[in-house]
Structure formats: structure tokens, C-alpha cells
Amino acid sequence: MSGSTARSVFARSLLEEVAPVEIEFFEAYDATASDVFSRRHAGTGMGLPPEVSGVLGMVAVIVGRTVFDKLGEWAFSVGGEIVKKFLVDSGVERLKKWLKAPEKSGLAGVLTTEGYREVLAVVERDARAAKLKPEEIDKLLKSVAARLDS
Amino acid sequence: MRKDAVALSLAKMRRESKLRTVLLVLVLCAIPTLLVGSAYAFELSDLLFPLGAPLGHVAHALLIYLGLLAALIIGSEHFAARTVGRPGEAPPVGATVSRIVYELSGRMGISVETQAFGGGEIEAVQAYRRRIVRIGVARLRESIFAPQDFRFVVAHELTHLASNDARTDRIVRSAYLAGALFLLAAFSRVLWAIGQGISVAWRFGIHAVLSSLADSWIALFTNSLSLGMLTLLFMLERRSAMRLREFHADAVASTLVGSASGIMEKLRPTNSRRFARFIARVLGTHPEREHRRAALEGLAAAFEADRILFLLQGYFAAMLLEILLQMLFVGASPSTSSLAERRTYLAQSISDHPVIVWCVIGTAAVMVGLSQVLVLRRIALVAAEVAALRLGVRLWAGSAIMVGAGAILSLLTSQTFYWEMSLARWNLLVWAKADPDRLSLYSIFWVGTVFSLALTLAGARRSTAPRELTALAAAVPVGLALMVGFGFYG
């Protein structure tokens, strides 16, 4: 499975859990998220475009992509500092395997406590920047946390 | 019943929109072309074809205008096609949205594509033969969470597609842009001439320069005023036409899907400040919320917002009359000739170039007649909605005043008028005595328009064959002006 497909699979799984009613719009959300990422600094960068603020399904897809990319950065980072801080010793290979096929393996035991907190901090930061309601932010955090623990 | 009402409404709007577009494009062709033709007469005379006097320069200016217009329209279509991409390239919108669009477009009798895009709006786009409803990803979920509002907005956009609004606007916008470039070129010529005068006077000192400027002030002032006024009126007209199309789209959507109260609540509220409300009313592309609500209750409210049309009609008709007089008496302006001399001059022109002179008069008459038909049809539509006689009289008086105001505005922005007034030492009575034909033609045209408005209103209230009646009524002011013209110059 290619990286972009795997990313979409992960983002879709988040959407299915937090906003199942909007699943029929996934392809539109995913295509827009690709465009957003290529044209703007979304996610941890300069924030989400205003027109998709508050749209839970859209934010879930964008956050999913951001989390996937962040884990990808960690898995392939050169130098070792990040690996020691956020990933357990034996976690790198498992993470790389997960990045290829997120639906076939889990992330339990891959991240350190620091790594786990960092991912959830990214999700919370982006969700707040996207002006989601508090209960929607909680829902998104729980969904991501569940995937990190599975 | 609903489908018939929708089809009838769409057909009426298409007819009116077509007529308005034809008229606008004609006016936008004629006025800038004439201005550039006369400003660059020497350069344009035998530019491509040896057409010769007296209208070779105007014919070439017209060819250039039409070429520019075609290029702008084609460019605009191409840009729209690039924005929407090829069929099938855009991501799907989901089953719910597809079903809603398919159902509503079927009821309007059109076939459309649906696209999702990264914006926050729902918009209608036409690109070549394709009709596309584009839905911002942020709005897709409304099809599930607020279905009635979503259906209304989609029906609103589909109405724009069914009425060809996007294409009409593209043509008009291109005509405006080409016209604006031509007006700029004509004004540049005036500035060039003034600049040349100053550069020659410069050698003789500051007093000579000031004297040159003093001689040029009328030309500079009146050209600035008339071109500025023309630009402003074109802009106001376009804004007004866009708002009218929004009213119509609301009306059809409401007929098709029912109540619009939910979506109306979500619109931006009407501004509380009077000045901001006024600006929104004349410059906005979408009517204010309260206006849109009122228009859903009664058509009269929608057309009430379009009264600028009457002002414009008066202005354009008077301007066409003025241009006609200037063309017919190019060598015998009122400031240098008596009425008897002008009569002789016209007779000579007709004898030398009968086809051209009669064509020019005929073209002006047709264009003025067309603009009258548009206005009278609008009056008839509104009159059919207005039950009380008192309101009908108010409508007639208001429209007549706006037409008159437009004509006066045209006169006040005419260089010829200012020149003649300066020669008459700013005495209106002296001017009227020297130029009775011009004053009489303007006056009789207005009187004829007032009569035709009354005729149309009376006929519409009695439902008496309105189409034939409006055509007859439109001919009245044109016919009266021609008769008075024959009286003076025949």
C-alpha cells in the first residue's frame, strides 16, 4: 500500500469513528485535505483554512493526515534523538510496518509516554485551532488515543 | 402546478435577461465605439478597409470592440473551464448530495454536474456547454444536518444555471471591460490633447500655460464627468441586475422546495446603519436579508429594488439622442449655426449620404425603442402585482421621475451642453432660444415616455394583451421625437 493510500485509510478510520454520518463525504474531504496540505501550512503549521473550521468530519480527516505524517517523520528521522524521546527501542520497525498498512497492525507499545503525549497535544492543538466544540475535541482525542493503544 | 409556475418564471426571466443583455451589449458597443471612433478618427479611418467618410472610423472602432469582446468572452470561458477541471476529475460529493441535485435539476429540466471543492460556498458555474454546481466541502454535511436549507440553496443555484445567469453575466462583464478600456482610450485622447496644448504653451511662460488650462477646463470637466457618470451607471446597472437575479432565484427555489425561513435566518442581517444599508443596496451583488424576505412575499418588492433601471433608461435614451444629434450635425453645431442652417445642413447630408443618415437615425430609434420595451415590460410585471390604484399611480410617478432624472443627468454631463451654456453666459433661457430643437426633442421624448408608462400600467391592470401593448407604448416616445425632429428639420 502506498504512503498516501495508507494515510487516507488512517484518516478514514478516524472519520468513521468520530463522524460516521459524514463517511460518504470522505473522498471530498480527503481530496481537499491534500490540497490544503500542498497549499497551506495546515495542522501544526499556520492553522486550518477558515472555511473548514468547525466541520468535525473535515477536521478529523486533516488531523488524521497530520498524525500519520508526524509518526512518519519520527519513523524515518535521522539522528536518533527523536527516536529515543518518542519511540521505544523496538518500536521503529513496528511503526514502519504500521505506516505501510495501518489497518493490519496496531501502535500499542510503539510510542513512549512522551511520544503519546506529543501526538495527543498535536491533535488537541489542531482541533482547538479548527474551532471544534469541546465535546468534539474530546471525541477526536479519544479516537486517536484508541488507535495509539490498539 | 408548481412545475408549471417554475417553468413560467424561468421562461420570463430568461426572456427579460436576454433582452437586458442585448440592450446592454448594444449600448456598450455603441457608446464607447462612437467615443473612440471620434477621438481617433484620423487613425481609424482606413485602418483595415478603405471605407472612407463619414463613418469609416466608427466602423473600424466597432470591429476592434467586437474583436476585444470576443477575446474577453472566450478567455473568460476558458478560465472557468480550467477552474472546474475536466468531467470526473473532481472528487465525488456523496450519494445524498447527488440525489438532491439530480431530483431538483430534473424538476427544472436541466442536466448538471456536481463537484466538491475546497471553498465554503455553494456556487453555479457555466463553462462552455457544461453546467456545474460546486459545493464547498464545509457545506456537504448540510445535506444531512439541515436538508431543507441545503435543498433551498441548491435550488437557488440551479435556478441561476437554468436561467443562464452565469453566461449572461460573463458576456455583460466582458462587454463592460471592453467598454471601460475604450472609455479609457477616449479619455486618454482628451488628456493627450490638453497635454499637447500645455507643452506648446510652456514655451511662452506660466501665464500661457494657465490660459491653455482655462481653455481646456470645459473639455476636461465634462469628459471626466460624463465618462465617470457612464462608468458609475454601468456599474450600478450591473449590480442591480445581479441583485434582481438573486431575487428571482430565491422565488423559484421557494416555489420548488418550500419555506426559506431557515436559510434566511442564516444570512447576514441587514446593517443597522443607514449609510451602510444604502451602500449595500446600490453596490452589493446580493440583496440584503430583509429585502430578500420581502421579495419572497411579493414580486413588487424585488422590482422596487431595481428602480435604477429607470434612471439608466432615461440616461441612455438621452445620451443616444445627444449622440445622434451630434452625428447628424457634426458640421453645424448649435453654437455656430442657426436652426435654418442646421435644417439646410441635414437636408444636404441626406442628399449626399441617404443610406448612412437613415441607418444612423434608424439604429438610434431601434436602440431607444429596445430600452423602452425593457422598462415597460418591467412596469407591466410590477403593475400586475400591484392591486391598489394608489400604488399604481405611485409606481407611474416614481418611474417617470427616474426617467426624467436620468435624461437631465445625461444633459448635465454633456460637453456640448456645457459649451453652449458657456456661450449663452450660463443663461438657460438664452440657451433654450438658441437651441430650441434640442430642448424640444428631449422634452417630447420625456412626455412620450410618461404617456407610454401610463398606457402600459393601464393595460397591465386590465390584462389587455400586454406584449403588443408594450411594443406599441415603446414606440410612442420614439415616434413623437421623430415627428418633432421632422417638424424642426423637415
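Just so it is clear, the structure is predicted and the values come from calculations on it, not from any experiment. The chains referred to below are lettered A, B, ... by the order of the sequence lines, with proteins before strands, and numbering in each begins at 1.
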Atom [atom1] of [X]: over 12 foreign heavy atoms under 6.0 Å:
{"X": "A:E17", "atom1": "CD", "value": "yes"}
{"X": "A:K85", "atom1": "NZ", "value": "no"}
{"X": "B:R173", "atom1": "CZ", "value": "yes"}
{"X": "B:E121", "atom1": "CD", "value": "no"}

Restricting to non-hydrogen atoms, name the atom on [X] and the atom on [Y] that form the minimum distance, rounded to 0.1 Å.
{"X": "A:L56", "Y": "B:R141", "answer": "N-NH2, 4.1 Å"}
{"X": "B:V137", "Y": "A:Y29", "answer": "O-CE2, 3.6 Å"}
{"X": "A:A28", "Y": "B:P91", "answer": "CA-CB, 3.8 Å"}

Point-to-point distance, once rounded to the nearest 0.5 Å, from CZ of A:F25 to CD1 of B:I144: 3.5 Å
Mind ranking B:G136, B:P92, B:A95 by heavy-atom pairs under 4.5 Å with chain A and telling me who comes out on top? B:P92
Chain A contact via [X] - which portion, at a heavy-atom distance below 4.5 Å:
{"X": "B:A138", "answer": "both"}
{"X": "B:L140", "answer": "both"}
{"X": "B:S143", "answer": "side chain"}

